[in-house]
Amino acid sequence: MSTETACPLTARDYKSELKPVWCPGCGDFSVLMAITKALAETGRRPEEIAVISGIGCSSRLPAYTNCYGFHGVHGRALPLAAGLKLSRPDLLVIAAGGDGDGYSIGGNHFLHACRRNVDLTYIVMDNQVYGMTKGQPSPTTPPEWDSALAPGGTGLRPFHPLVIALAAGANFVARSFSGDPANTAQLVLEAIRHPGFSLIEILSPCVTFRPEDRNWAKRVHPAAVDETQDRARAARRVLTDDGFNTGILFRGDRPPYQPPYNPAEAGPVDFEVEFRP
Amino acid sequence: MKEISEFQRKACTIAMLGSGGAGVMTAAEILLRAAGRAGYYGLMTKSFGPQIRGGEAAAFVTLSTAPVDIQGDQVDLLFAMDWQNTERFAGELHISSDTLVISGLPGAEPPAIVAGHQPTLVEVNLKAMTRSHKGTRPNMVALGVVAGALGLAQETVNDLVNERLTAKGEDAMAHGTAAIELGYGEAEDLDFDPLPASDGDTPRWIISGNQAAGYGAMRGGVRFAAAYPITPATEILEWLAPRLQKAGGLLVQAEDELASINMIIGGAFGGAAVLTATSGPGLALMSESIGLAVAAEIPLLVIDVMRGGPSTGIPTKSEQSDLNIAVYGLHGDAPHVVTAPNSIPDCLFTAQWSTHLAESMQVPVIMLSDQSFGQALGIVDRPAELAFATRRQVATTPAAADYQRYAATLSGVSPMAIPGTPGGQYIADGLEHTETGTPSSGVADHNKQLEKRLTKVVDFDYGNHWAEIEGSGPAAIITWGSTTGPVRQAMQRIDPHGERLRLISLRLISPAQPDRLAKALAGCGRIMVIEQSQMAQFFGHLKAQFDLPIHADLYARPGPQPFRADEIAAKLEDWLS
């Protein structure tokens with residue numbers, strides 16, 4: 001349903017009065033800014049939007065918007081968002097969170113959200129660390145990264161969310177960098193407008209527990225080739241790039257999962273006839 | 001013929017046995033329906049071997065002219081299509097010297113669990129009959145024999161067989177009728193008392209506990225469901241899925257129980273009345289998010305169709321052992337509601353009532369049904385039409401500046417803004433929060449919200465629905481759920497006028513209603529608690545939350561064996577003497 005009308009709302013109308021709990025310099029500030037900017041562009045009013053999250057630093061985001069929101073339990077933002085969207089197809093539903101929330105504890109839901117392809121936008125602020133619990137390795141942390149919980153590093157190969165999303169059926173895959181809010185806002189808007197399950201991976205450094213990642217600003221670069229609609233090609237590119245390619249990496253055409261709500265042709269009383277012996 | 005009262009006391013129980021594919025379940029269900037059309041009450045339970053498909057199967061049908069809560073104490077008529085692996089039904093198949101045993105396989109020896117009781121044994125040559133009438137099927141001949149022996153009208157049985165075979169064409173219908181005719185012919189020679197006359201054409205329903213639960217929830221307004229398949233709850237979901245679609249709703253199959261509970265939380269946040277159905281292991285997975293629904297004040301219904309536990313346990317058999325996890329399984333101080341139906345038709349009422357409670361209080365309700373209700377098929381009185389007036393309190397025109405989603409009202413219930421409502425934007429949160437929903441770890445906010453959430457559940461007026469109370473004797477039996485039926489039957493036998501005993505079956509398990517129970521117990525000198533749990537979870541709950549007299553007695557044992565009326569009657573006689 002399109003309600004894109006000329007609407008005088010600006011990014012500020014989508015921001016709440018609440019002051020974020022994030023550390024100074026956290027990448028999530030500019031992601032929040034980009035999201036509110038994109039929402040203003042959609043033309044949907046704040047009350048027609050719901051932002052759903054789990055637990056973690058970035059999962060505090062819904063409260064900093066002026067939309068309806070749900071700050072649920074760790075790892076379950078996607079099924080909650082899907083339940084809301086399936087029962088209320090008229091709403092614009094966004095899920096947001098971090099790498100630990102989405103790829104570790106919520107990993108199974110991530111797979112099935114891609115596969116189910118409900119018309120949602122999933123914004124993952126990937127900082128390659130558990131920040132809220134103060135510095136443990138996440139599924140995207142490099143293997144050698146030393147921490148109190150994994151002295152000397154985990155020795156584990158990082159998870160590759162974008163390839164997995166492509167394999168599982170996500171309908172739109174993009175990567176962005178928090179230090180580039182204008183581009184991020186544009187990608188979020190594209191993701192929202194694209195039907196089906198859209199994933200945007202936003203590299204968003206944790207300045208407190210992984211200060212070395214401030215150098216991501218120097219490493220990111222726009223993808224050298226244009227977006228593709230070929231899933232296999234997109235997967236190969238994502239697998240072989242340096243992890244800092246930004247832009248739309250895949251745009252698919254799977255129809256979203258939204259079983260139609262038939263106008264009620266029967267009420268409960270109509271089923272009574274089935275119970276006659 | 002036996003006296004009516006004597007008949008009602010014992011009812012008439014028929015067992016049909018056969019190996020996989022023999023069609024005993026189809027035959028038994030047609031028998032039950034025929035009895036239903038003829039105005040009898042009935043109950044059909046099924047027992048299967050461990051094989052996914054095929055393997056031995058037993059159907060038990062108990063018929064009476066009074067409502068049937070449980071299978072009869074012993075089998076009056078056993079029809080065995082064959083004797084393959086019959087031993088596995090030892091403990092379920094209660095044969096006596098009064099039992100008429102019909103063997104469909106002449107020459108085959110019945111096993112010791114049957115022959116050992118020296119029943120009357122008759123042989124019927126199913127193979128020869130179906131050979132002589134090409135196209136007839138042995139299970140339909142067996143149905144004819146049994147229905148004939150019971151004195152059910154052949155025309156009614158024919159109608160049912162034809163309705164079932166319509167899609168297969170005229171020939172199939174003709175063969176079906178011929179098979180029934182063969183069976184009725186054989187029944188003429190049998191020495192078996194037919195059923196006494198019924199009260200005619202009173203409209204009755206044939207329904208399983210799982211169907212009744214699904215239907216009750218729909219009557220209560222549920223239009224969105226998400227769930228993961230699990231025995232013995234799946235039939236609720238399979239019943240609901242196509243019907244929700246027709247009624248303008250939706251059921252989504254989730255990837256696991258963690259997803260299904262969160263999907264319905266999302267749906268309820270969006271304004272829908274919602275449910276999921278599961279069994280013990282699934283409830284355990286859901287418990288973290290049920291806590292979220294408590295904190296964020298989301299109305300939802302979780303139906304737990306209990307089975308033997310712990311762990312995978314015995315998925316196909318019943319036990320009342322999820323009470324503790326349902327009542328005490330949430331983390332933190334998490335007030336919520338736990339209900340339990342006490343019969344198959346009460347699954348309908350309790351599911352509808354539970355939806356009403358969830359919506360009225362904006363709280364999760366866990367309804368504890370069990371396998372013995374869920375997967376049994378009953379002929380029951382048509383449940384009354386009910387409507388509960390109270391719905392969810394919704395904030396329709398909140399002013400953005402001062403809307404407080406979690407306002408600490410007197411009742412504890414605060415109007416909920418539904419997404420789409422301008423000015424009502426708030427964040428539903430599992431974090432402790434202020435009245436507006438802003439996260440807070442402050443002492444005052446925590447106390448205020450804890451108090452709010454407890455008040456709304458404790459102060460709610462549950463009315464008379466909290467328990468079923470029967471009889472007025474000075475010795476009380478307190479029970480719940482599927483143990484109610486056997487207790488009721490036992491009481492009818494040893495205290496038909498309700499002068500010695502009193503039955504109190506709790507429908508509202510939590511929050512506890514100690515004052516109401518104390519009132520219901522007025523004048524009682526003795527109390528016995530009866531339940532199907534090794535660790536006596538219900539007894540422990542009563543002792544902890546109610547003013548139970550110190551000398552309360554207990555009869556608790558685990559499943560999977562269902563309680564029998566004679567077992568409980570013997571216990572009560574002993575207790576009273």
Side-chain angles (χ1 to χ4, degrees), chain A residues 16 18 21 45-53 55 60 62-63 65-88 90-91 93 106 108-109 111-113 115-116 257 259-272 274-277, chain B residues 32-37 203-207 211 215 218-219 223-224 226 243 245-250 252 254-256 258-272 274 288-289 291-292 296 379 382 385 417 419-431 437-439:
Chain A
S16 76
L18 223 56
V21 295
R45 299 188 53 82
E47 67 267 17
E48 300 170 336
I49 301 168
V51 186
I52 312 298
S53 70
I55 295 297
R60 300 294 288 253
T65 74
N66 186 33
C67 305
Y68 279 91
F70 210 124
H71 184 211
V73 298
H74 198 22
R76 320 285 167 230
L78 287 174
L80 203 154
L84 177 60
K85 180 67 184 179
L86 288 169
S87 74
R88 288 289 306 276
D90 56 312
L91 299 173
V93 182
N108 192 36
H109 309 310
L111 290 180
H112 288 273
R115 170 176 169 251
R116 196 174 281 116
Y257 173 74
Y261 276 92
N262 304 312
E265 61 185 56
V269 73
D270 297 311
F271 301 122
E272 285 195 9
E274 296 176 22
F275 301 131
R276 289 187 194 143
Chain B
L32 182 73
R33 285 182 185 273
R37 287 191 185 179
R204 299 248 158 77
W205 277 13
I206 182 167
I207 195 165
Q211 290 172 337
Y215 186 56
M218 274 190 89
R219 267 193 183 178
R223 291 295 179 275
F224 183 73
R243 289 163 187 85
Q245 261 175 21
K246 279 190 192 151
L250 178 65
V252 187
E255 55 269 31
D256 55 30
L258 307 169
S260 53
I261 185 76
N262 279 282
M263 282 180 176
I264 65 166
I265 290 174
F269 173 69
V274 301
E288 182 196 18
S289 295
L292 169 65
I379 303 279
R382 181 180 176 278
E385 289 282 354
T421 311
Q425 293 101 301
Y426 74 100
I427 307 301
D429 208 325
L431 274 175
T438 305

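Letters go in sequence order (proteins before strands), and every chain restarts at 1. Nothing here was measured: the structure is a model prediction, and the numbers come from that model. The basis for the numbers below is simple: all heavy atoms, side chains too, and nothing from hydrogens, waters or symmetry mates.
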Residue, of B:Ala428, B:Gly249, B:Ala226, that accumulates the most heavy atom pairs under 4.5 Å with chain A: B:Ala428
Portion of A:Leu86 that has a non-hydrogen atom of chain B nearer than 4.5 angstrom: both
Heavy-atom pairs under 4.5 Å with chain A, option from B:Ser260, B:Ala35, B:Pro439, B:Gly424 with the top count: B:Gly424
Steps toward side-chain contact (heavy atoms from CB on, under 4.5 Å) verdict (B:Asp256, A:His109): CA-CA 9 Å; B:Asp256 55 30; A:His109 309 310; 3.3 Å; yes
Cationic N near anionic O, under 4.0 Å, A:Arg115 to B:Glu255: no
Flag, side chain of A:Tyr261 to backbone of B:Leu250, donor-acceptor distance under 3.5 Å: no
Main-chain N/O of B:Pro419 paired to A:Arg88 side chain as donor or acceptor, under 3.5 Å: yes
Largest heavy-atom contact set with chain A, pairs under 4.5 Å, which of B:Ile264, B:Ile265, B:Asp429: B:Asp429
Pairs of heavy atoms under 4.5 Å with chain A: top-ranked of B:Gly267, B:Gly36, B:Ser289: B:Gly267
Selection from B:Arg382, B:Met263, B:Met218, B:Arg37 maximising heavy-atom pairs under 4.5 Å formed with chain A: B:Met263
By ring pair (Phe, Tyr, Trp, His ring centres under 6.0 Å) - contacts of A:Phe70 (at least two apart): B:Phe269
Rounded distance (nearest 0.5 Å) linking atom CD1 of A:Ile55 with atom CG of B:Leu431: 5.5 Å
Partner chain A: residue of B:Gly430, B:Gly420, B:Gly437 with the largest heavy-atom pair count (under 4.5 Å): B:Gly420
